[in-house]
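Heads up, the thing below is written out as structure tokens.
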Amino acid sequence: MQLQAHFDLSKLNTLGLKSSAELYTELHSITDVHALLNDHALKKITWRILGGGSNLVLPATVGGLTIRLANKGRTLIHEDADAWYVKAQAGEVWNEFVHWTLDNGYWGLENLSLIPGTVGAAPIQNIGAYGSEVKDTLFEVTCVDLENGELKAFSNSECRFSYRDSYFKQEGAGKYIIWEVTFRLPKQNKLRLEYGDIRKELERQGLEANPRNISKVVCEIRSSKLPNPEEIGNAGSFFKNPIVPAALRDQLLLKHPTLVSFPYADGMVKLAAGWLIDQAGWKGKKIGPVGMFEKQALVLVNHGGADANDVWTTATQVCADVKAQFGVELEPEPIRW
Ligand code: EPU
């Protein structure tokens with residue numbers, strides 16, 4: 001385990017914000033974790049865990065110790081008549097893991113192709129896209145308990161998943177390092193074609209509906225709408241789709257007949273935040289270096305040289321304008337350090 005002072009994090013966050021860690025280290029093995037936990041001087045300072053940095057807003061200086069998980073490996077640990085059980089280490093790149101499962105004929109994660117970030121970060125905010133969420137196939141999360149260094153397994157229900165949320169983003173925040181994640185991929189998997197343009201795109205290209213082709217068109221659809229962080233800094237959707245009572249949606253529909261919403265549960269619906277932001281005039285608009293993407297209003301982009309203050313200036317104005325026009329509160333999706 002090697003410690004580095006004043007470590008540049010600008011390339012380790014997909015928003016590309018200028019940021020530096022007071023102290024930085026990478027963990028490759030459980031031995032590294034135990035070395036860290038046994039270091040009395042380090043125990044006294046704040047620790048933060050960095051995954052792929054794709055869902056974070058970093059300040060100019062990150063105090064304390066920033067820890068990047070660099071443990072690698074993915075394997076089929078068990079197969080029975082009904083399912084494959086595959087395990088991946090937290091430091092694996094999510095999209096590479098998804099492609100590895102498909103290359104080996106284990107399907108079930110195809111709709112989650114091309115989501116940025118790491119395997120270890122995926123359960124924290126229950127990543128989701130095109131009708132699938134990590135919670136649908138996650139079997140178990142193995143964590144290091146930062147109190148005593150012991151490994152602790154969390155079952156799917158213990159992770160308390162909900163829309164872009166989990167125990168690890170709430171009460172469990174800062175208590176554990178997610179070290180490896182196991183998925184149970186059922187062999188009788190139902191293909192999910194209904195969300196977005198998946199079916200339309202398969203038909204247009206004359207492709208058979210199978211997991212590999214779904215992955216292919218999901219990658220194409222995402223690339224056509226979402227900016228590549230290598231080219232333009234962004235953190236995917238910057239706001240969650242707000243969950244509101246169906247009665248409020250009905251009331252809004254009277255004035256805004258094109259309002260987009262999705263069914264949720266118990267008399268609640270999800271409103272498309274992208275639609276709200278677009279209608280509030282924010283698509284392609286910016287303040288200083290930070291704006292909302294011209295092809296997808298839900299994605300906040302760094303046009304170059306932005307810091308966290310620039311991000312919050314734009315985000316706050318977007319929220320205020322949506323609130324003024326629709327009476328709906330937007331909540332940011334990325335985690336603020
Ligand atoms: N819309 C607009 N204008 C815009 C953007 C969207 O009118 O500028 C409308 C669209 O026409 C559509 C609706 O809003 O009718 C919803 O948009 P879209 O289908 O693009 O999906 P989304 O709700 O904006 C969610 C996830 C994405 C995920 C996609 C596809 C959230 C916050 N976002 O976006 O997740 O990829 O569905 O499943 O739930 C992410 O979390 O980083 C992310 C990219």
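Whatever order the structure lists ligands and atoms in, that order sets their numbers, starting from 1.
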Give the contacting part of [X] toward ligand 1: side chain, backbone, both or neither, where contact means a heavy-atom distance below 4.0 Å.
| X | result |
| --- | --- |
| Ala272 | side chain |
| Lys295 | neither |
| Glu333 | side chain |
| Phe238 | neither |

Inset, instruction - Please name all residues satisfying ring pair (Phe, Tyr, Trp, His ring centres under 6.0 Å) with Tyr24, sequence neighbours left out, ordered by chain then number. - result: Phe7
Inset, instruction - Identify the two heavy atoms, one from Asn241 and one from Leu271, that lie closest to each other, and give their separation to 0.1 Å. - result: CB-O, 3.1 Å
Inset, instruction - Give the atoms of ligand 1, by number and element, whose distance to some non-hydrogen atom of Val260 is under 4.0 Å. - result: 13 (C), 15 (O)
Flag: protein heavy atom within less than 4.0 Å of [atom]:
| atom | value |
| --- | --- |
| atom 20 (O) of ligand 1 | yes |
| atom 31 (C) of ligand 1 | yes |
| atom 10 (C) of ligand 1 | no |

Inset, instruction - Please report which non-hydrogen protein atom sits nearest to atom 42 (O) of ligand 1, along with the residue it belongs to and the distance in Å to one decimal place. - result: Ser237 N, 2.8 Å
Legend entry - Option whose closest heavy atom lies nearest to atom 16 (C) of ligand 1, chosen from Phe262, Tyr130, Trp275: Phe262
Legend entry - Other cluster members, Ile77 - Ile/Leu/Val/Met/Phe/Trp/Tyr, side-chain contacts below 4.5 Å: Tyr85, Phe139
Inset, instruction - Output yes when the distance from some N or O of ligand 1 to some N or O of Lys240 is under 3.5 Å, and no in every other case. - result: no
